[in-house]
Amino acid sequence: MADPTTQSAQISCAMNASSTKESTYYVMELVYWRDPKKSAVAFGMSLLVLLSLATFSVISVVSYMLLALLCVTITFRVYKSVIQAVQKSEEGHPFKALMEKDLTVQPEILRKYVDVCLTYVNLAITQARHLLLVEDLVDSLKLAGFMWLLTYVGAVFNGITILILTDIIFFSTPLVYERNKTQIDQYIKLIRTRVEVTLAKLQDKLPGAVKRTKAE
């Protein structure tokens, strides 16, 4: 008979994997524009928020968003109240259906997402240790080169600008790749081959004591 603790851990891992798969599937549906309306709304809202943050402070953006939402809900509530008064109907609160929904976060759902986040945090910590403590010299050199390039990127763009560009790329690149998959794959393969050849030549020139070896 299996240990209850082991069974619980296996069930938790299965739930986390299922939750991650569902989230990934939903994101892929958005970025590949399977439902153009949903993707357009997600892209438009995210871009609008980022552009607003580039112009105003976070406090101002949040305040304007809540103010706009309140204007809509208050106007609709007053409108429905006037209509009900004129028609002498008793439909009640216009948002009654939404108000009766249970919006509280269940402990099981919270724990599930915390476990998923914890998995990624632990993975990030392990990878950071691998790179920063030079477990593999070539991998650490790649990180150093990437950080060096980012210093130039940071000198040209600020954080919000980078986020705006990332948002545009996030919603446009997958669709472009899907429509031109063959040609793009050929270029990616060519670039990857050249990078691997360059890294191999660089590794051959390194002293024997620091060549690419995995720590045991």
Side-chain angles (χ1 to χ4, degrees), residues 2-32 46 49-50 53-54 58 105-174 177 184-185 187-216:
D3 184 8
T5 304
T6 304
Q7 287 184 339
S8 177
Q10 292 175 347
I11 293 173
S12 178
C13 290
M15 291 177 60
N16 292 341
S18 176
S19 176
T20 303
K21 187 175 180 180
E22 290 176 1
S23 301
T24 303
Y25 175 78
Y26 181 73
V27 171
M28 295 298 287
E29 288 287 301
L30 284 178
V31 298
Y32 280 101
S46 60
V49 170
L50 290 173
L53 289 173
V58 176
V105 179
Q106 300 299 322
E108 296 78 9
I109 297 177
L110 181 60
R111 280 195 290 267
K112 181 177 68 174
Y113 284 103
V114 168
D115 289 341
V116 172
C117 293
L118 187 60
T119 301
Y120 287 109
V121 169
N122 289 333
L123 181 63
I125 292 174
T126 302
Q127 190 65 17
R129 181 182 63 184
H130 168 77
L131 294 171
L132 297 178
L133 299 183
V134 200
E135 182 179 357
D136 188 305
L137 180 60
V138 175
D139 286 344
S140 297
L141 288 175
K142 288 180 184 178
L143 177 64
F146 181 68
M147 292 297 104
W148 178 71
L149 290 175
L150 284 184
T151 60
Y152 287 93
V153 174
V156 178
F157 304 105
N158 58 28
I160 292 296
T161 304
I162 293 174
L163 288 177
I164 292 172
L165 293 175
T166 301
D167 188 57
I168 295 173
I169 292 172
F170 185 72
F171 278 94
S172 60
T173 302
Y177 174 75
I184 294 175
D185 284 344
Y187 285 113
I188 292 177
K189 184 178 180 181
L190 178 63
I191 294 172
R192 185 179 297 170
T193 301
R194 291 185 178 180
V195 170
E196 290 176 352
V197 170
T198 302
L199 289 175
K201 291 180 179 179
L202 176 63
Q203 184 179 353
D204 290 337
K205 294 179 180 180
L206 293 174
V210 294
K211 281 191 174 183
R212 186 185 184 109
T213 56
K214 298 291 183 182
E216 299 186 6

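Along the sequence shown, residues are numbered consecutively beginning with 1.
From Leu143, atom CG reaches atom NE2 of His130 across 10.0 Å, with rounding to the nearest 0.5 Å. To the nearest 0.5 Å, atoms CG (Leu131) and CG (Leu141) are separated by 10.5 Å. The line from CD1 of Ile191 to NZ of Lys189 is 13.5 Å long, rounded to the nearest 0.5 Å. Between the CZ atom in Phe146 and the CG atom in Leu149 there is a gap of 7.5 Å [rounded to 0.5 Å]. Atom CD1 of Ile188 and atom OG1 of Thr193 lie 11.5 Å apart (nearest 0.5 Å). With values rounded to the nearest 0.5 angstrom, Thr126 atom OG1 is found 10.0 Å from Glu135 atom CD.
Between Ser46 and Phe170 there is no side-chain heavy-atom pair separated by less than 4.5 Å. Side-chain contact check for Ile168 versus Ile164: some heavy-atom pair is nearer than 4.5 Å. By the 4.5 Å heavy-atom criterion applied to side chains, Asn122 and Leu118 are counted as neighbours.
With sequence neighbours excluded, the residues that form a side chain to side chain donor-acceptor pair (under 3.5 Å) with Asn158 are Thr161. Listed by chain and residue number, nothing satisfies the ring pair (Phe, Tyr, Trp, His ring centres under 6.0 Å) test with Tyr26 (two or more places apart in sequence, or in another chain).
Taking all atoms of both residues into account, the shortest heavy-atom contact from Leu163 to Leu50 is O-CD1, 3.6 Å. Closest approach of Ile169 to Pro174, counting heavy atoms only: O-CD, 3.7 Å.
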